[in-house]
Each structure stands twice: as C-alpha cells, then as structure tokens.
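Report on one structure; see the data block that follows.
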There are 2 protein chains.
Amino acid sequence: MKSSYARALPKAWKGLSKVFTALGDERRQRILLLFEPGEKLNAGQIVAACPLSQSTVSHHLKILREAGVLRSEKAGKEVFFWIDKPRLSEALESVAQYLHEKT
Amino acid sequence: MKSSYARALPKAWKGLSKVFTALGDERRQRILLLFEPGEKLNAGQIVAACPLSQSTVSHHLKILREAGVLRSEKAGKEVFFWIDKPRLSEALESVAQYLHEKT
DNA sequence: AAAACATATCGATAAACTTATATATGTCGA
DNA sequence: TCGACATATATAAGTTTATCGATATGTTTT
C-alpha cells in the first residue's frame, strides 16, 4: 500500500485532477460533444445550443479552459473555443499509463 | 456543430460521466493512488491511511464502486476493494477513441 | 448468547457548485 | 463618440455534495 499519497496528490496529478473535475459534469460533457472534428465555436454558438443562460455557459467554458480541456482565442468581439486535443489525449494517456504500470 | 447532444448525453456516455465524476475529486484520487499493483485493500486500511472519518471514506468508496472504478468483495467482516482495471482502461480508451475520431 | 469488531447508513451541518439576473468590460460600426 | 453587440464577472439564491458523530447491520470470537 502506498500511503504516501493519502494526504496530498503527487505533483504530476495536480493538473489531471482538474481535467477530471472539468469532465465530471454532464453539462460540460455536453458542451464538449458539440464540437465537430477540428471545429472552433464561439461562445455565442455554444450558448445558443445549450439550455443554460449566457453567464452559466461562460462559467463552464472558463472551467474547461482552466482545466486545459478547451483553448480559446479572441477574434474581435468574439471568443472562439476549441478542444485541446493534444492536452486531453495526454491526460488520458498518462492515466492509462499509470493504470498499466502501477495497478 | 453537433447540437444533438446539447440537451442529453448519448447513452454510451452515461457511464463514462459517472467515472469522470468519481475521478474528479481529489480525495477519491488519493484513495485510488493508495493501491499497489494488483493489491486489494480493506476499508479499514483505507480509512487508516486517509485524514477523513470512517463514514466519509465509506461514502467515497461507495461512489467509486458505483462508478465502476473500484470493485469490492466481502470477506468475513471485512470488505476488500480493488481497482477495476479493465473497466477503467475501457473508459479511458473510449474517450481517447472518441477524441481521435471525432475531434 | 454476548461482546468485540468492521463496515454501512442516517441525520444534521457546512462547504462547494450551479444557476440566473444584473452589470461591467471590451470591440465594432455608424 | 455613441450605440449595439459579444463575452466576462459580481452577486446572491438554490441545490448538491462532503463531512462527521451516532447508530445500525452483519460477522466473528469467546
């Protein structure tokens, strides 16, 4: 038994933790499922597709962005979002790796 | 843009959703990190390693079990838990797959 | 059968999260 | 510059989740 992590996560897991928390909400999952391959969507498009208020969607987008799941870029008065595929792949991969090696 | 999932998750994602929610809590992540490769731990061992009360740990173990991340087995008066590696691998794999194909 | 033990559940409180309205910030066009 | 627009943030209510102490359930031991 590895009791070393019982009180604090290893540093490498800190970021992962945020990713899973971000993914662990159904509304955020539904937002992610909106994206077509390689597509960028602006906040307005996402708001229009969601049964949630503009500010609520903005809040969820922030969580996804801060977790590194989405990236964003301002273009004029709009902000475009897209899935950070490499980042997300890497996160999943690192857990899969951990599972494989240490479990 | 795939607006079809804006209001309800596809059925295949329902279970995944639970897995990510379960993994999206730092205390639960720390519990998972306790396990050595192939190891089974009983609830008492886990409680002893966590800075949480017995009832709180029991609650988290239930969430992890219901998400399919942990499996459990009663042995006399003890209950042993272990990581459901195939289940977790499959969950991660299916998201990785989705990412790869649909993103 | 009773006592000791391991785990689960209940009930209550506290903390965290989600949500919406209202407002602020920043950008474009007239 | 002023007004319309797109997004973000502040605030506050409502809801969910985490937490603990106490108790219940089930198991072994004496």
Side-chain angles (χ1 to χ4, degrees), chain A residues 1 6-9 14 17-35 39-83, chain B residues 1 5-9 14 17-35 39-82:
Chain A
M1 180 188 191
R7 272 146 218 279
L9 285 176
K14 282 281 172 63
S17 168
K18 270 197 159 183
V19 171
F20 285 114
T21 305
L23 295 179
D25 178 271
E26 185 177 323
R27 284 135 295 218
R28 290 192 285 268
Q29 291 165 6
R30 294 201 308 252
I31 288 174
L32 293 177
L33 290 170
L34 292 174
F35 291 84
E39 191 177 32
K40 294 187 177 187
L41 297 172
N42 66 42
Q45 295 175 289
I46 299 171
V47 168
C50 289
L52 295 169
S53 74
Q54 180 266 322
S55 73
T56 299
V57 171
S58 182
H59 169 245
H60 285 306
L61 290 173
K62 185 180 183 179
I63 290 174
L64 288 165
R65 181 161 37 76
E66 289 183 344
V69 175
L70 291 182
R71 299 191 61 186
S72 67
E73 186 176 47
K74 203 166 181 182
K77 45 186 168 181
E78 302 175 1
V79 177
F80 283 86
F81 292 85
W82 66 96
I83 294 179
Chain B
M1 180 189 189
Y5 303 137
R7 273 145 218 281
L9 284 177
K14 283 280 172 63
S17 168
K18 270 197 161 182
V19 171
F20 285 114
T21 304
L23 295 179
D25 179 273
E26 185 178 322
R27 284 136 296 218
R28 291 192 285 268
Q29 291 164 7
R30 294 203 307 252
I31 287 175
L32 293 176
L33 290 170
L34 292 174
F35 291 83
E39 190 176 33
K40 295 187 176 187
L41 297 172
N42 66 42
Q45 294 175 290
I46 298 170
V47 169
C50 289
L52 295 169
S53 74
Q54 180 267 322
S55 71
T56 299
V57 172
S58 182
H59 168 246
H60 286 305
L61 290 173
K62 185 180 184 180
I63 289 174
L64 288 164
R65 181 160 38 75
E66 290 181 346
V69 175
L70 289 183
R71 298 190 63 188
S72 68
E73 187 176 47
K74 203 165 179 181
K77 47 186 167 181
E78 302 176 0
V79 177
F80 283 86
F81 292 86
W82 66 96

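Labels below follow one simple rule: chain letters A, B, ... track the order of the sequence lines, proteins then strands, and each chain is numbered from 1.
- Whole-Å rounding puts the A:E66 CD to C:dC17 C1' distance at 14 Å.
- Taken residue by residue, residues 39-50 of chain B places heavy atoms nearer than 4.0 Å to DNA chain C at B:N42, B:A43, B:G44.
- Phosphate contact (OP1/OP2 of D:dA18, side-chain N/O of B:R28, threshold under 4.0 Å): present.
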Requested in this report: Would you check, one step at a time, whether the test side-chain contact (heavy atoms from CB on, under 4.5 Å) holds for B:L23 with B:R28?
Outcome: CA-CA 6 Å; B:L23 295 179; B:R28 291 192 285 268; over 6 Å; no

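- The side chain of A:T56 contributes no N or O atom lying less than 4.0 Å from OP1 or OP2 of C:dT19.
- Checked by atom type and distance alone, the side chain of A:R27 never pairs as donor or acceptor with a backbone atom of A:V57 at under 3.5 Å.
- The closest donor-acceptor contact from the side chain of B:S58 to the backbone of B:Q54 lies at 3.5 Å or more, if one exists at all.
- Residue A:I31 contributes atom CD1, which lies 13 Å from atom P of D:dT7 at whole-angstrom precision.
- Heavy atoms only, all atoms of each residue included: A:A67 and A:K18 are closest at CB-O, 3.5 Å.
- For A:K74, no side-chain nitrogen or oxygen approaches OP1 or OP2 of D:dT7 to under 4.0 Å.
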Requested in this report: Test side-chain contact (heavy atoms from CB on, under 4.5 Å) on A:L70 and A:F35 and set out the steps.
Outcome: CA-CA 11 Å; A:L70 291 182; A:F35 291 84; 4.1 Å; yes

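- Closest to the B:E78 side chain, of the nucleotides D:dT9, C:dA6, C:dT18, is C:dA6.
- One atom, CD of B:E26, and another, P of D:dT19, lie 11 Å apart when rounded to the nearest Å.
- Going from atom CG of B:L61 over to atom P of C:dA6 covers 16 Å, rounded to whole Å.
- Across all strands, B:H60 comes closer than 4.0 Å only to sugar-phosphate atoms, never to a base (heavy-atom distances).
- Both A:S55 and B:R65 lie near DNA chain C, and the one whose nearest nucleotide falls closer to the 5' end is B:R65.
- Contact annotation: A:K77 side-chain N/O to C:dT25 OP1/OP2 distance is not under 4.0 Å.
- For B:E73 and D:dT27, the CD to P distance is 14 Å, given to the nearest whole Å.
- At whole-Å resolution of the value, CD in A:Q54 and C1' in D:dC5 are 11 Å apart.
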**Report entry** side-chain contact (heavy atoms from CB on, under 4.5 Å) assessment of B:L52 paired with B:H60
**Finding:** CA-CA 10 Å; B:L52 295 169; B:H60 286 305; 4.2 Å; yes

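- Side-chain contact between A:S72 and A:L61 is absent, with no heavy-atom pair separated by less than 4.5 Å.
- If A:F81 and B:D25 are placed on DNA chain D by their nearest nucleotide, the residue sitting closer to the 5' end is A:F81.
- Rounded to whole angstrom, the span from the CZ atom of A:R27 across to the P atom of D:dT15 amounts to 13 Å.
- More than 12 heavy atoms of other residues, nucleotides or ligands shown are found within 6.0 angstrom of CZ on A:F80.
- Between the NE2 atom of B:H59 and the C1' atom of C:dA12 there is a distance of 15 Å, rounded to whole Å.
- Using a 4.0 Å heavy-atom cutoff across all strands shown, A:L52 reaches sugar-phosphate atoms only and no base atom.
- Remark: the B:S53 side chain and the D:dG21 base include no donor-acceptor N/O pair separated by less than 3.5 Å.
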